[in-house]
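These numbers come from the heavy atoms of this one structure, side chains and all, not from hydrogens, waters or symmetry mates. Here is how names work: the chains are called A, B, and so on, in the same order as the sequence lines, proteins then strands, and each is numbered from 1.
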Amino acid sequence: MSLLDIAHIDTAYGAISVNRDVSLSVGEGEIATILGPNGAGKTTLLRAICGVVKPKRGAILVSGRDMTRLPPDKLAKAGVVMVPEGRRIFADLTVRENLRLGAYAREDREAIEADIRRMEYYFPVLAQKRDQKGGALSGGQQQMLAIARGLMARPRLLLLDEPSLGLSPLMVKEVQSVIADLRKNFGAAVLLVEQNASLALAVAERGYLMQSGRIVAANAIAELRDSRLMRDLYLGAGKSRLGEAAAPN
Amino acid sequence: MEIFLQQLINSLSVASVIILIGIGITLIFGLTGIINFAHGEFLMIGGMTTWLVVSHGGGFLLGAAAAVAVVGALGFVLERSLFRLTLDRPMNGFIISLGLIVVLQHVVIRFWNSYQKAIPQPLASVWEIGGVRIVAMRAAVVLITAVVVAITFFAISRSRYGLALRASVADQETAALMGVPVRRYITGVFIYGSALAGLGGAMMIALFPITPFIGSVIVVRGFAVALIGGLGNVAGAVLAGLVLGLMDGLSAGYGLPEWTEAYSFALMILILLLRPQGLLGGTAGPKAI
Ligand SMILES: Nc1ncnc2c1ncn2[C@@H]1O[C@H](COP(=O)(O)OP(=O)(O)OP(=O)(O)O)[C@@H](O)[C@H]1O
Ligand SMILES: [Mg+2]
């Protein structure tokens, strides 16, 4: 029994089916990644895990407890929290209010202010901008806020959907080191979806490859990196993101 | 000048009722995208509940409490049944609320006929301050509304619930991901908005006799206030209610009183031409998922 077990999940938007027979697990404190091309169904799978999309079939277990088809707030309470694609910061709320909202599901209210200070310590820019509106932050700052907001829930599992999207190379590096340290600093396991394969391969211990809604490969990250499928996916098209990223920068 | 002040206080009391309705309309729209056209009928039912209690020997306060409870419960039941079916399609919510107008009116007429109902003035005294005659009941209505508005503001801007509400209005899905039980907030906002309409009905019948048809007049006003202030914006609804109230007072005192309605609609059109998003800016409804 892992922290998260999903078994034979099918998802669909109306009549259009997306994920088919997806099974995967994430262990306590583990960093796992799902790689795959645009439109493969990665975001949809994450949305199904945290209850935004109701799966047509299959089961979602958190520490062995069946959480299939429960609403997102129940999953947040159980410690499964998503940092959504595109960050989705509350633009009209201040940075502090965004953080405080992240803690909504928590029972231990008295510890929230201390955790806000902790986030401001790890992400100093959030302390600088604490009373500004979330919408006034840059893309990279918003990504830090989105991660910190997710961490305010004290998640056991943080689902990160393309945290490096649209960030400068320098910011990407910073996001990478934040993810790599999530377990150490916050005790959270991570399920990471990334287009930036080099980032994902660098931080994750376990990887899943998704294509057309299905998991086509699952392995420890070192094996996955060297697999033929990976090569086909990321090197086949001639210009590879893996190759790009592997170049020294 | 005395006449003007008198008119002003009178129109403020009517504006208060409109503001209570406007807050309900704007809150419900902000979170669900539904414009509840039956909100005026909710007020009417609040007034009728007060009348029933008072005419059976209960006091006004008991009547007002009953109005708040009955209309709040009505909002709860309707949200959990009819409106719940419309959350994915706010357009259906318009149709349902239009249908509700007919149903609620006719239920009341069926059991208690369509004649005008009145109760004795709960506060009969009239104060005279520097030549200005202030009807105590009207002052009480303004005061109660001010308190309700202050509590609403405080709750929205300061409390944990208000924070979650503002987040849900901006982006329901992300709020839910952070653990906010958005469905429960929708129910809560329906109950709160409905309860305010019930309170408005109690205060209305304390000021004037009402008929089962009062709802349509009131909802048009309430809707105008919500729209002028910026749909979804509570502060905007309060401001717009005050502006319209002032307009009423001025036109009744100095212009041609029979044109009162026309003045306020002209003002509404003018404001919306200049600021389509309303005085303080509204939301476009909940973010599409
Ligand atoms: N809300 C929606 N309604 C209908 N179809 C959708 C919706 N969201 C996504 N889809 C479709 O589902 C499929 C999978 O989308 P999804 O967003 O899960 O892909 P993804 O792997 O996250 O892609 P990307 O890497 O571009 O983010 C796509 O074909 C997409 O068009
Ligand atoms: Mg995606």
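Applying the 6.0 Å contact sphere to CZ of F265(B) captures more than 12 heavy atoms from other residues, nucleotides or ligands. Dense packing is recorded around CZ of F153(B), with more than 12 heavy atoms of other residues, nucleotides or ligands lying under 6.0 Å away. Annotation: Y121(A), atom OH; neighbour count of heavy atoms from other residues, nucleotides and ligands within 6.0 Å does not exceed 12. Residue R20(A) qualifies as open at atom CZ: its count of foreign heavy atoms under 6.0 Å is 12 or below. No more than 12 heavy atoms of other residues, nucleotides or ligands sit less than 6.0 Å from atom CZ of R89(B). Heavy atoms of other residues, nucleotides or ligands lying less than 6.0 angstrom from CZ of R69(A) number more than 12.
For P71(A), no part lies under 4.5 angstrom from a heavy atom of chain B. With a threshold of 4.5 angstrom between heavy atoms, L93(A) approaches chain B through side-chain atoms but not through N, CA, C or O. Interface remark: R100(A) contributes backbone and side-chain atoms alike to the contact with chain B (heavy atom separation under 4.5 Å).
Going from atom CD of E97(A) over to atom CG of L163(B) covers 5.5 Å, rounded to the nearest 0.5 Å. Atom CG of residue D73(A) and atom CZ of residue R183(B) lie 11.0 Å apart, to the nearest 0.5 angstrom. Separating the CZ atom in R87(A) from the OG1 atom in T174(B) is a distance of 13.0 Å, to the nearest 0.5 Å. Going from atom CG of L177(B) over to atom CG of L46(A) covers 10.0 Å, rounded to the nearest 0.5 Å.
Considering all non-hydrogen atoms of both residues, A167(B) and F90(A) come closest at O-CE2, 3.4 Å. Closest of all the heavy-atom pairs between M178(B) and A76(A) is C-CB, 4.2 Å.
Looking only at distances, a side-chain donor or acceptor of R160(B) sits under 3.5 Å from a matching main-chain atom of Y104(A).
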